[in-house]
*Asks:* 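Here it is, the structure, as structure tokens.
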Amino acid sequence: MVDRLGIAVVGFGWMGRVHTQAYARLPHHFPQLPLRPELVTVADEVPGRAEQAADQYGFASATRDWREVAADPRVRAVSITAPNFLHREIGVAMAEAGKHIWIEKPVGLTAQDAGAVADAVAQAGVQATVGFNYRNAPAVQAARELIAAGEIGTVTHVRIRLFSDYAAHPEGALTWRYELQRGGSGVLGDLASHGVDLARHLLGDIESLTADTAIFVPERARPTGATAGHTRATGGELGPVENDDYVSCLLRFSSGARGVLEACRVSVGEQNNYGFEIHGTTGAVFWDYRRMGELGVSRGTAYQDQPVSTVYVGPGAGEFGAFQPGSANTMGYDDLKVIEAYGFLRSVAEGTPYGATLDDAVASAAALDAMSRSAERRTWVDLVTDPGTR
């Protein structure tokens, strides 16, 4: 028998729409789930936005106050896709109200914020999934298995990149994303958080790091009305950009491997250039998000002049088979969020975490906080002896 799971979405910008569409697609791709999401209510403080979402997607009700969601007995699970500065307050409140949560990264502004949500979830005994979607790509899962099986030998070093131009235009509006109190650490929380999660997911714990950060667009115009996404603003009062556009970081893993992580939100000429290159003692594996279903793989015994083959992943790699019947059929970003939704509902159904957890979010946030401390101090930070505060 299929059980109906009352769903709410809090925050209906682009990511709120992505979550909602993922819920709608779940029965198509994962019919074996014993839960069926039922869209109960949507909350957004912008006048008219929640009502429009309810009309378009079929939510039974709409509200401007997310606190009404916490008090709604129809709601058993909540997607938290509001701006970063609200994650802690909403996440803790929903957990204390007994709601399971699917929360977007970076789960607040600091590791302390992420830890507070994790503690509330643990005390309430509810399930939580975090929006580290790139780990869900079937090719990334295939790479993880390949590395774990020792097919490239012992990993020696990795380079992870996350370059984008979404903030490159100087007329980009000075939204909450560029404020310390509401947007946190800027590109660290937005893009580098994904890089840290990929690094940990593929190679294990990070032991220490040293980082450098920069702001390349120091001023932006304040918007005159409600914004969504990366809105432009001209003619408004200029204000300072308070958080970082760029970060570069050297990593040392507990395994002894070394890494380089680089992220930038103002990279002109780069659109979602995300990926990794992982080298081992006998081979290497490469992934580019823009060629999501491909892996570059080098393995063998030649060491020198060893060729790289392109491998097209297919059924058997991660959850690829739930979307396409054969190798080299393409998948997209929204598919990764459907996989994430599947892990969330499976966690609720079985009482066991699947996918990225709040422990992953806390570890990622601790690394981001360490990057900020390192850039300020211009020194290495040991994540074991100097983990920051929770």
Side-chain angles (χ1 to χ4, degrees), residues 1-13 15-44 50-51 53-63 65-82 86-87 90-105 107 117-118 120-133 136 319 322-323 334-358 360-361:
M1 182 177 177
V2 175
D3 185 20
R4 295 286 176 179
L5 185 72
I7 297 288
V9 176
V10 176
F12 211 80
M15 189 54 66
R17 292 195 300 274
V18 171
H19 276 229
T20 303
Q21 290 161 182
Y23 287 125
R25 293 175 57 193
L26 268 178
H28 307 157
H29 296 284
F30 298 100
Q32 73 275 21
L33 264 175
L35 294 175
R36 288 290 183 271
E38 182 176 348
L39 300 179
V40 171
T41 191
V42 55
D44 195 290
E51 289 79 8
D55 182 63
Q56 181 177 357
Y57 291 98
F59 289 93
S61 60
T63 178
D65 187 353
W66 61 262
R67 293 167 186 82
E68 293 183 7
V69 175
D72 192 333
R74 301 173 299 167
V75 176
R76 294 170 56 195
V78 181
S79 277
I80 301 172
T81 54
L86 295 171
H87 285 188
I90 297 174
V92 169
M94 294 303 172
E96 289 178 346
K99 320 292 189 188
H100 306 285
I101 62 172
W102 177 12
I103 186 167
E104 276 304 314
K105 57 82 204 169
V107 188
V117 178
V121 163
Q123 291 171 14
V126 296
Q127 295 296 319
T129 296
V130 180
F132 288 123
N133 42 264
N136 298 324
E319 300 295 342
F323 297 84
D334 283 16
D335 296 329
L336 303 185
K337 301 307 276 190
V338 175
I339 294 171
E340 204 166 89
Y342 168 60
F344 177 44
L345 264 67
R346 189 178 176 193
S347 298
V348 173
E350 300 181 18
T352 300
Y354 290 94
T357 67
L358 279 166
D360 295 313

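FYI, side chains are in, hydrogens and waters are out, and symmetry mates aren't considered; it's all heavy atoms of this structure. Computed from a prediction, not measured in an experiment: that's the story for all the values here.
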*Asks:* Does Val10 reach the side chain of Met94, with side-chain heavy atoms less than 4.5 Å apart?
*Replies:* yes
*Asks:* Ring-plane angle category for Phe30 and Tyr342, please: parallel below 30°, perpendicular beyond 60°, tilted otherwise.
*Replies:* parallel
*Asks:* Sequence neighbours left out, what passes side-chain hydrogen bond (donor to acceptor under 3.5 Å, both in side chains) with His87? Give chain and number order.
*Replies:* none
*Asks:* Return the set of residues passing side-chain hydrogen bond (donor to acceptor under 3.5 Å, both in side chains) with Glu350 (not counting sequence neighbours), or none when no residue passes.
*Replies:* Arg346, Tyr354
*Asks:* Can you tell me how far NZ of Lys337 sits from CG of Asn133, rounded to the nearest 0.5 angstrom?
*Replies:* 4.0 Å
*Asks:* Is there a side-chain contact between Phe59 and Val9 (heavy atoms, below 4.5 Å)?
*Replies:* yes
*Asks:* Do Val117 and Val92 touch side chain to side chain, with heavy atoms closer than 4.5 Å?
*Replies:* yes
*Asks:* Check whether Arg76 reaches the backbone of Arg4 with its side chain - one donor and one acceptor, N or O, closer than 3.5 Å.
*Replies:* yes
*Asks:* Quick test of your reading: applying salt bridge (Lys or Arg N to Asp or Glu O under 4.0 Å), list the pairs with at least one residue in residues 18-33, sequence neighbours left out, ordered by first then second residue.
*Replies:* Arg25-Asp335
*Asks:* Not counting sequence neighbours, which residues clear side-chain hydrogen bond (donor to acceptor under 3.5 Å, both in side chains) with Lys105? List them please.
*Replies:* Asp190
*Asks:* Please verify the inter-ring angle class for Trp102 with Phe344; under 30° counts as parallel, over 60° as perpendicular, anything in between as tilted.
*Replies:* tilted
*Asks:* Any heavy-atom pair between the side chains of Ile80 and Trp66 that's under 4.5 Å?
*Replies:* no
*Asks:* The test is side-chain hydrogen bond (donor to acceptor under 3.5 Å, both in side chains); show your working for Asn136 and Glu340 and say whether it passes.
*Replies:* CA-CA 7 Å; Asn136 298 324; Glu340 204 166 89; 3.3 Å; yes
*Asks:* Quick one: closest heavy-atom pair of Gly6 and Val40, and the distance?
*Replies:* CA-CG2, 3.6 Å
*Asks:* Determine the minimum heavy-atom distance between Ala50 and Thr63, stating which atoms define it.
*Replies:* CB-O, 3.5 Å
*Asks:* What residues form a side-chain contact (heavy atoms from CB on, under 4.5 Å) with Ala361, not counting sequence neighbours?
*Replies:* Val107, Val130, Phe132, Leu358
*Asks:* Which residues pass the side-chain hydrogen bond (donor to acceptor under 3.5 Å, both in side chains) test with Arg74, not counting sequence neighbours?
*Replies:* Ser61, Asp72
